Asker: 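Have a look at the structure that comes next, please.
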Amino acid sequence: MKNRIRSALIFVLCAFLLLSAAACKAERAQDVSDTIEYTEYDFLQNSGSDYKIVLPAETLYNERLAADEINSFVFEASGIKLPCVADTDVEYSADAKLIILGNTAFNDKSGVDFSSIPEQGYTVKTVDSNVFICGENYGVLYGAYDFLHDQLDYEMYAVDEIALARNVTDLKLVNFNKSDSPDILYRSPSNGDLSSALSQSRMRMNGNIWMTENGNWVHNSFDEFFPKSKYESTKRDLWYSLDGEQLCYTARGNADELALMQNTVLERLKELVNKYFGVNDYRGAISFTQEDEAPMCTCDACSAEKQKYGTNAAAIIHFINPVAREFKTWLDETYPGHEVDIVIFAYQDAETAPVKIENGQYVPIDDTVIIEDNVGLFYAPFYADYLHDFYHEKNTTYLETFKKWSVISDNLYLWTYNASFINYMAWFDTFNIMSVNYKMARDFNVRYLFDNGRYNTSALTGFDYLKSYLNAKLSWDVDADYAKLLDNFFLNYFKDAEDPMRKYFDDFRTWMEYLKATNETLPGRQNSYIYTAENFPKQVLEKWMKYIDEAYEAIAPMKERDPQTYEKLYGRICKESLAVRFQLIQLHAAKYEASELEQMKIDFKKDADYYGFTLSREYNTLQEDVYSAWGM
């Protein structure tokens, strides 16, 4: 009886998902540009324009980039370049036709209270013939992209897919009156396809907040602060754990050595700030985080701390709090008006928060473990189940851990996972949880979100280009219309192949819901292996390959009339096919004739090589893990 009930449940679930997908397609929301109002002023007329871009006399990098981006996309849309001038070199009037960026001499003309604009937020407002893009630094840049979105239909879906009006000769100025700001202040891209700073900016992402010497922004307590080559040979062995794999955050209980360690960190923090601020690069964080996948120190002093507070994290907090206080004093005196977080990890052996329950509420065990305001607590629930959101019963422990940390820190960073790091050639279905988890991050006032995907490769399959797009959109606005985002992506990224590729995607997600409903023990950790013949039967994979074949057929007419777009779309379809083809070879090899299987392997390697796929998992290559086993 139980199995019948489960089967009925699964049937209803699958039917619901399929009908929901169909409904989304039938009721596709129109782009917001449909509701845009225009003024009487000509932004473009007869392939010309009277508009100028105005910048403050003293500009920040992102303000200059905003001007460059407006000019670049206006030129791409119309062939027109707009003059760019300083506010000191132009007169303001009702009919001046100016695009005014940032904190200029004309602020009072905008009617906008600049002091009320949130960090990284902006207001875009039309006043007579002029447009004000109000904000500071990042806010001006993001406002510029919003200006382009409404004025020229700009939208970035991927590094190689930017929607924009083309061949525009005549266009009225939009009547702007809009404000926006991100729900999560710092939004780091998840995959390597957005590795460049410009691509991140165009997606309104800005995860590059870290000051480092060697580019190592996590797991860097040795590399950035205490390299063994420098300190272990100078009899500072008390600074390292008994096994030498981590720092000893108590210096084995030696107060003098502990003070020297803390002063070493303080001086290093100052060096990094001086290096970056000295060239006007005002980043906001320095990571001081333990080494990866190594146990914490078990010396008597560290063990005593753990026994008293119930966690290794207490020793780290006690170490960094005095450093943070001295660092803040120095920063306020040396660079007034600037803030920098020292970021520590709640991770693996130091994931547990030092709190207790009193009167049914979490409270700090004592005042010494309340984290200083300028220390960021970076929670990384490494072992959570990422096939389910944090409100699911499988993740109760991790949600409670986050709640506990929020009791002793108001400065929270969050590291989640959205890829299978042991199989880069497969899907990892976090599509259904992204919106929920990002809302949770917003509700916890998370300052920085890193939803860790395939960070070390730009060659993606399993719809991870879509995941990069959703990552950008949902971390900016966690309440964004998820169905509309999917519709817009498939329409613009796959174009003529939209329908079959959407069917493949919807069927994949339906299948994943089926797997979760029928297998309560299905593992969802980022290092779990779920890719078995039982979980992905041959007939399911072949059904997905039929959708791939239909996608190729859908773009076939473009081969003659638009070969450039055809090649681009062919590549996108081919990349998405690799996940299916890989699993057919790996999981169902015995079901093919030897000659057919051999050709499948040859074709797979040829396409994977052509499109830049080299990794089979996080640190291993396809050559060493796969092709060698295939005899190739």
Side-chain angles (χ1 to χ4, degrees), residues 61-62 65-66 69 117-122 135-146 149 155-159 179-211 217-218 282-285 287 339 341 343 376-381 386 389-390 402 411-419 430-431 433-455 458 460 464-482 485 488-489:
Y61 171 80
N62 283 315
L65 179 58
E69 288 287 82
I117 299 175
E119 187 173 357
Q120 294 187 29
Y122 58 84
E136 292 186 356
N137 200 8
Y138 281 112
V140 176
L141 178 60
Y142 301 146
Y145 290 125
D146 209 342
H149 178 273
E155 182 72 20
M156 180 169 173
Y157 295 95
V159 172
S179 299
D180 204 358
S181 61
D183 286 334
I184 298 170
L185 188 62
Y186 293 112
R187 306 159 306 282
S188 182
S190 61
N191 293 311
D193 56 322
L194 296 178
S195 58
S196 78
L198 182 58
S199 294
Q200 291 182 35
S201 293
R202 289 176 173 176
M203 282 286 205
R204 297 197 301 187
M205 306 198 83
N206 57 351
N208 194 17
I209 65 171
W210 306 98
M211 291 181 245
W217 58 275
V218 285
Y282 297 105
R283 304 192 188 193
S287 165
E339 296 181 355
D341 287 339
V343 181
L377 191 283
F378 207 160
Y379 179 43
Y386 289 99
D389 63 60
F390 277 101
F402 206 25
N411 191 2
L412 297 173
Y413 290 51
L414 181 62
W415 182 319
T416 55
Y417 300 87
N418 72 34
T430 61
F431 294 102
I433 72 168
M434 292 176 75
S435 182
V436 178
N437 283 353
Y438 291 12
K439 287 177 183 177
M440 179 202 73
R442 186 267 315 273
D443 293 344
F444 275 92
N445 296 315
V446 164
R447 182 175 174 83
Y448 173 97
L449 175 65
F450 179 44
D451 195 7
N452 192 180
R454 297 175 214 177
Y455 64 94
S458 61
L460 305 173
D464 270 8
Y465 292 101
L466 166 61
K467 201 173 287 183
S468 291
Y469 173 72
L470 294 173
N471 177 222
K473 288 295 184 180
L474 292 171
S475 58
W476 177 276
D477 178 7
V478 300
D479 296 312
D481 187 333
Y482 184 77
L485 292 176
N488 286 343
F489 181 85

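Computed from a predicted model, the values in this text were never measured in an experiment. Below, each value reflects all heavy atoms present in this structure, side chains not excepted, and no hydrogens, waters or symmetry copies.
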Asker: Would you compute the distance between atom CG of Leu474 and atom CG of Leu449 and round it to the nearest 0.5 angstrom?
Answerer: 10.5 Å
Asker: Below 6.0 angstrom between ring centroids: does that apply to Trp210 and Tyr448?
Answerer: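 Ring centres of Tyr448 and Trp210 closer than 6.0 Å.
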Asker: Closer than 4.0 angstrom, basic N to acidic O: yes or no for Arg447 and Asp341?
Answerer: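 Salt bridge present between Arg447 and Asp341.
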Asker: Do Leu460 and Asp193 have side chains that approach each other closer than 4.5 Å (heavy atoms only, starting at C-beta)?
Answerer: yes
Asker: Checking Lys473 side chain against Ala480 main chain: does a donor-acceptor pair fall under 3.5 Å?
Answerer: no
Asker: One thing to verify: whether Asp183 and Lys439 come together as a salt bridge, which I'm taking to mean a side-chain N less than 4.0 angstrom from a carboxylate O.
Answerer: no
Asker: Are Asn471 and Tyr438 close enough that a side-chain donor and a side-chain acceptor fall under 3.5 Å?
Answerer: yes
Asker: Is there a side-chain contact (heavy atoms from CB on, under 4.5 Å) between Phe489 and Leu470? Walk through the geometry before answering.
Answerer: CA-CA 9 Å; Phe489 181 85; Leu470 294 173; over 6 Å; no
Asker: Decide side chain to side chain donor-acceptor pair (under 3.5 Å) for Ser468 and Asn191; before the verdict, give the C-alpha distance in whole Å, the side-chain angles of both, and the deciding distance to 0.1 Å.
Answerer: CA-CA 6 Å; Ser468 291; Asn191 293 311; 3.0 Å; yes
Asker: Rounded to the nearest 0.5 Å, how far apart are CG of Asn206 and OH of Tyr138?
Answerer: 5.0 Å
Asker: Please name the pair of heavy atoms, one in Ala158 and one in Met203, separated by the smallest distance, quoted to 0.1 Å.
Answerer: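 It is N-CE, 4.1 Å.
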Asker: Considering only NZ, NE, NH1 and NH2 on the basic side and carboxylate oxygens on the acidic side, decide whether Arg202 and Glu155 come within less than 4.0 Å.
Answerer: no
Asker: Do Val436 and Phe390 touch side chain to side chain, with heavy atoms closer than 4.5 Å?
Answerer: no
Asker: Indicate the atoms forming the closest heavy-atom contact of Phe450 with Ser190, along with that distance.
Answerer: CE1-CA, 4.4 Å
Asker: What is the minimum heavy-atom distance between Gly121 and Ser181, and which atoms define it?
Answerer: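 Residues Gly121 and Ser181, closest heavy atoms: CA-CB, 3.7 Å.
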Asker: Side chain to side chain donor-acceptor pair (under 3.5 Å) between Tyr122 and Asp146: does it pass, once the steps are laid out?
Answerer: CA-CA 9 Å; Tyr122 58 84; Asp146 209 342; 2.5 Å; yes
Asker: I'd like to check Met156 versus Ser199 (side-chain heavy atoms, cut-off strictly below 4.5 Å). Are they in contact?
Answerer: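 Counting from C-beta outward, Met156 and Ser199 do come under 4.5 Å.
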Asker: So, for Tyr469 and Tyr465, is the gap between ring centers shorter than 6.0 Å?
Answerer: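 No, ring centres 6.0 Å or more apart.
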Asker: Can you tell me if CD on Glu136 sees more than 12 non-hydrogen neighbours from other groups inside 6.0 Å?
Answerer: no
Asker: How far does CG of Asp389 sit from CE of Met434, to the nearest 0.5 angstrom?
Answerer: 13.0 Å
Asker: First locate atom CG of Leu185, then atom CZ of Arg442, and finally report the distance between them rounded to the nearest 0.5 Å.
Answerer: 14.5 Å
Asker: Should Asn452 and Asn418 count as side-chain neighbours, where that means a heavy-atom distance under 4.5 Å?
Answerer: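 Counting from C-beta outward, Asn452 and Asn418 never come under 4.5 Å.
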Asker: When the ring planes of Tyr417 and Trp415 are compared, do they come out parallel, tilted or perpendicular, using 30° and 60° as the limits?
Answerer: tilted
Asker: Do Asn137 and Asn62 have a side chain donor and acceptor closer than 3.5 Å?
Answerer: yes
Asker: With a 6.0 Å cut-off on ring centres, are Phe444 and Phe402 close enough?
Answerer: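 Ring-ring flag for Phe444/Phe402: true, centres closer than 6.0 Å.
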Asker: Could you grab the distance from atom CD of Gln120 to atom CG of Leu141, nearest 0.5 Å is fine?
Answerer: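 Rounded to the nearest 0.5 Å, the CD-CG separation comes out at 10.0 Å.
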Asker: side-chain contact (heavy atoms from CB on, under 4.5 Å) for Asn445 and Leu412? Distances and angles first, verdict last.
Answerer: CA-CA 7 Å; Asn445 296 315; Leu412 297 173; over 6 Å; no
Asker: How close do Ala472 and Met205 get, counting heavy atoms only, and between which atoms?
Answerer: CB-SD, 3.6 Å
Asker: Does the side chain of Arg283 come under 3.5 Å of the side chain of Asn208 through a donor N or O and an acceptor N or O?
Answerer: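 Checked: Arg283/Asn208 side chains pair up, N/O donor to acceptor below 3.5 Å.
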Asker: Can you tell me if CD on Glu339 sees more than 12 non-hydrogen neighbours from other groups inside 6.0 Å?
Answerer: no
Asker: Are Trp476 and Asp180 linked by a side-chain donor-acceptor pair shorter than 3.5 Å?
Answerer: yes
Asker: Using 30° and 60° as the class boundaries, would you call the ring planes of Trp217 and Phe378 parallel, tilted or perpendicular?
Answerer: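 Rings of Trp217 and Phe378: parallel, under 30°.
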Asker: For Val446 and Tyr413, run side-chain contact (heavy atoms from CB on, under 4.5 Å): C-alpha distance rounded to whole Å, both residues' side-chain angles, the deciding distance at 0.1 Å, then the answer.
Answerer: CA-CA 5 Å; Val446 164; Tyr413 290 51; 5.7 Å; no
Asker: Could you state the interatomic distance from CG (Asp464) to OG (Ser458), rounded to the nearest 0.5 Å?
Answerer: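 If we round to the nearest 0.5 Å, Asp464:CG and Ser458:OG are 12.0 Å apart.
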Asker: Arg204 side chain to Ser201 main-chain N or O, any donor-acceptor pair under 3.5 Å?
Answerer: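 Side chain of Arg204 to backbone of Ser201: no pair is present.
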